Amino acid sequence: MLQFIQYLKGYVCIRVWGYSPERFMNLCSNHDILLWNIENHGEYNTMCITVNGFKQLKGIVRKTGTKVAIQKRCGLPFFMPRMKRRKIFLLGLIGSLVFWVWMSTFIWAVDISGNYSISEDVFMDFLKENDVYVGMKRKEVNIEELEKKIRQDFGIVTWTSAKIDGTRLEIQIRENEVDSSVGDGIGQGGQEGPESYIGGNEFGSDLIAQEDGVIVSMVTRKGVPLVGVGMEVKKGDVLVSGSVPVYNEDATIRNYQYYDADADVYIRRQLNRKEELPLTYEKKEYTGEEKKEVLVSLMDKELILRIGKIKYENFDKVTDKKQIKLLENFYLPLYLGSSVNREYVVTDNIYTKEEVKSIFSEKLIKYMQSLEEKGVQIIQKNVTINKNKKNWQMNMDFQIVEKTGQNIPIVPQAVQEAGEGNQEAAVLD
């Protein structure tokens with residue numbers, strides 16, 4: 001801050017030599033004349049002094065017998081007179097400052113982090129649909145509304161934070177580690193699909209089976225269990241009822257108390273999956289021929305600089321492009337980069353048995369890992385690989401134990417009390 005003030009007021013760099021330079025500096029200090037950047041060069045000393053301080057040196061120089069010479073003039077008071085003679089340069093400088101200030105009012109980069117299941121292309125399409133894009137005004141970005149919209153449209157997102165830093169929009173998200181709504185029909189804790197019950201029904205909810213199977217374990221925390229270990233259940237059967245009956249003294253039901261049924265229910269069931277692989281495949285073989293080019297992009301406009309045309313029939317393009325920025329977070333809508341176009345020819349190949357086994361084995365391992373990540377226990381597996389006229393097939397039959405149970409709202413039924421000559425509907429709580 002002190003250096004900035006000194007620049008605004010102006011200062012000079014001087015050289016001092018003669019009889020007693022030490023006395024010269026002491027007298028300057030006694031007269032409150034500021035000296036800085038003092039350096040001893042043997043026969044002379046150099047230092048910096050303010051413009052007002054330099055004007056007061058005449059008497060001190062006469063008393064000390066020293067000599068003073070100006071080496072350099074620095075600061076705004078000396079810069080502006082030179083600029084008056086260079087009006088075009090000055091106008092260009094002012095215009096540049098105005099341009100950069102104007103550019104700083106836009107969003108020129110969007111940085112997304114924390115997205116693993118959601119691809120960046122999908123997220124960018126979502127932003128465009130919600131009128132958030134590169135090149136928009138910073139003041140038009142509604143941060144709170146954007147965060148709310150992200151959580152609403154992406155069920156897997158449990159936390160999000162957005163902020164504007166310079167000309168960059170930073171979006172951070174956190175995804176649910178286990179997304180039960182995605183998978184091969186594998187439930188996780190009974191909460192899956194867009195119709196999952198999320199609570200709030202005044203009559204509570206029942207817990208129903210999501211798949212056919214045999215119950216192997218059951219722990220009920222709330223509600224009345226309607227099934228037990230060893231029983232076979234069908235998809236949609238009520239496992240635990242959230243309607244808890246309240247009895248009269250004569251063992252008849254007086255009314256019901258309603259809860260959200262809660263239990264850990266595990267079933268054993270069969271799970272089948274099939275993978276296919278074509279008999280032949282196309283393989284790329286690179287010829288070694290390649291052509292390089294330079295890329296310059298401004299917004300959506302791209303300029304490609306290369307020597308000659310690309311005459312390859314088939315080629316891959318590998319591009320390395322970076323966005324230009326002035327400061328750490330002052331991004332510009334300008335991209336510089338390069339790309340390499342590599343020629344290849346396509347050949348038809350037939351899968352060997354070893355290649356088929358290797359590919360199917362990798363798919364099997366990945367699928368089993370995905371089941372284990374969802375808490376599914378594999379008890380038994382049977383895998384067969386067959387070949388027909390069209391393709392290779394791998395049939396996977398698993399016997400698994402998984403957690404099941406989905407809450408659905410209770411639709412209350414009127415409770416009938418038996419009397420001696422008639423029946424009356426009981427009042428529900």
Side-chain angles (χ1 to χ4, degrees), residues 1-109 111 138-139 163-168 170 294 296-298 322-338:
M1 188 63 183
L2 179 61
Q3 292 178 348
F4 180 70
I5 294 174
Q6 291 169 347
Y7 179 83
L8 292 179
K9 292 183 176 181
Y11 63 94
V12 293
C13 297
I14 60 175
R15 182 174 65 175
V16 180
W17 72 98
Y19 177 70
S20 181
E22 293 81 5
R23 188 184 175 199
F24 169 85
M25 288 182 279
N26 288 333
L27 287 177
C28 287
S29 176
N30 292 337
H31 286 79
D32 296 326
I33 298 174
L34 179 63
L35 302 175
W36 70 94
N37 291 347
I38 301 173
E39 296 182 4
N40 187 348
H41 298 274
E43 296 181 355
Y44 65 93
N45 294 274
T46 59
M47 60 199 72
C48 296
I49 186 172
T50 62
V51 175
N52 291 333
F54 182 78
K55 294 178 180 178
Q56 303 175 35
L57 291 182
K58 188 174 182 179
I60 297 175
V61 169
R62 188 172 57 251
K63 288 182 181 179
T64 58
T66 55
K67 295 181 179 180
V68 176
I70 296 176
Q71 287 186 315
K72 184 170 61 173
R73 296 172 174 84
C74 305
L76 193 62
F78 303 105
F79 178 76
M80 291 306 296
R82 293 201 301 268
M83 289 300 100
K84 290 181 180 179
R85 296 191 298 269
R86 301 177 181 177
K87 293 181 180 180
I88 296 178
F89 175 80
L90 182 60
L91 290 174
L93 179 61
I94 295 174
S96 297
L97 292 175
V98 172
F99 174 75
W100 294 123
V101 171
W102 176 72
M103 290 285 285
S104 67
T105 62
F106 293 87
I107 297 293
W108 296 119
D111 185 19
R138 287 178 37 167
K139 64 181 181 181
K163 67 175 182 178
I164 298 176
D165 192 356
T167 59
R168 178 175 60 173
E170 295 181 5
V294 177
V296 181
S297 299
L298 180 63
K322 293 183 179 180
Q323 189 171 6
I324 303 300
K325 59 180 181 178
L326 295 182
L327 303 174
E328 183 177 356
N329 292 305
F330 196 98
Y331 286 80
L332 301 176
L334 180 64
Y335 297 81
L336 296 178
S338 61

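Computed from a predicted model, the values in this text were never measured in an experiment. The figures here come from the full heavy-atom set of this structure, side chains too, leaving out hydrogens, waters and symmetry mates.
Applying the side-chain contact (heavy atoms from CB on, under 4.5 Å) test to Leu336 and every residue at least two apart in sequence or in another chain returns Val296, Ile324. Checked against side-chain hydrogen bond (donor to acceptor under 3.5 Å, both in side chains), Thr64 has the following partners two or more places apart in sequence or in another chain: Thr66. With sequence neighbours excluded, no residue forms a salt bridge (Lys or Arg N to Asp or Glu O under 4.0 Å) with Lys67. Scanning for side-chain contact (heavy atoms from CB on, under 4.5 Å) contacts around Lys325 gives Tyr331, with sequence neighbours left out. In this structure, the ring-ring contact (aromatic ring centres under 6.0 Å, His included) partners of Phe106, at least two apart in sequence or on a different chain, are Trp102, Trp108. Shown here are the side-chain hydrogen bond (donor to acceptor under 3.5 Å, both in side chains) partners of Asn52, two or more places apart in sequence or in another chain: there are none. Ser338 pairs by the side-chain contact (heavy atoms from CB on, under 4.5 Å) definition with nothing, not counting sequence neighbours. Residues satisfying the ring-ring contact (aromatic ring centres under 6.0 Å, His included) criterion with Tyr44, sequence neighbours excluded, are His41.
Here CG of Asn26 is found 8.0 Å from OG of Ser20. Values are rounded to the nearest 0.5 Å. Going from atom CD1 of Ile107 over to atom CZ of Arg138 covers 6.0 Å, rounded to the nearest 0.5 Å. Atoms NZ and CD1, on Lys139 and Ile164 in that order, are 12.5 Å from each other to the nearest 0.5 Å. Summarising the geometry, atom CG belonging to Leu298 is positioned 10.0 Å from atom CG belonging to Leu332; distances are rounded to the nearest 0.5 Å. The line from CD of Glu39 to CG of Asn45 is 9.5 Å long, rounded to the nearest 0.5 Å. Between atom NZ of residue Lys163 and atom CZ of residue Arg168 there is a gap of 8.0 Å, rounded to the nearest 0.5 Å.
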>> The test is side chain to side chain contact (heavy atoms under 4.5 Å, CB included); show your working for Lys9 and Thr50 and say whether it passes.
In response: CA-CA 8 Å; Lys9 292 183 176 181; Thr50 62; over 6 Å; no
> Can you check side chain to side chain contact (heavy atoms under 4.5 Å, CB included) on Thr167 and Met103, steps first, answer last?
Replying inline: CA-CA 8 Å; Thr167 59; Met103 290 285 285; over 6 Å; no
>> Walk me through whether Ile49 and Leu57 qualify under side chain to side chain contact (heavy atoms under 4.5 Å, CB included).
In response: CA-CA 10 Å; Ile49 186 172; Leu57 291 182; 3.8 Å; yes
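Every pair passing ring-ring contact (aromatic ring centres under 6.0 Å, His included) that includes a residue from residues 18-38 is listed here, sequence neighbours excluded: Tyr11-Trp36. Sorted by first then second residue, the ring-ring contact (aromatic ring centres under 6.0 Å, His included) pairs that include residues 45-73, not counting sequence neighbours, number zero. Within the structure, side chain to side chain donor-acceptor pair (under 3.5 Å) pairs that include any residue of residues 53-63 do not occur (at least two apart or interchain).
Residues Gln323 and Ala109 share a closest heavy-atom pair of OE1-CB, 3.5 Å. Minimum interatomic distance between Val16 and Pro21 (heavy atoms only, all atoms of both residues): CG1-CB, 4.4 Å.
Residues Ile60 and Ile33 have side chains in contact (heavy-atom distance under 4.5 Å, counting atoms from C-beta outward).
Under the side chain to side chain contact (heavy atoms under 4.5 Å, CB included) rule, Met47 has a single partner from Ile14, Asn37, Val12, which is Ile14.
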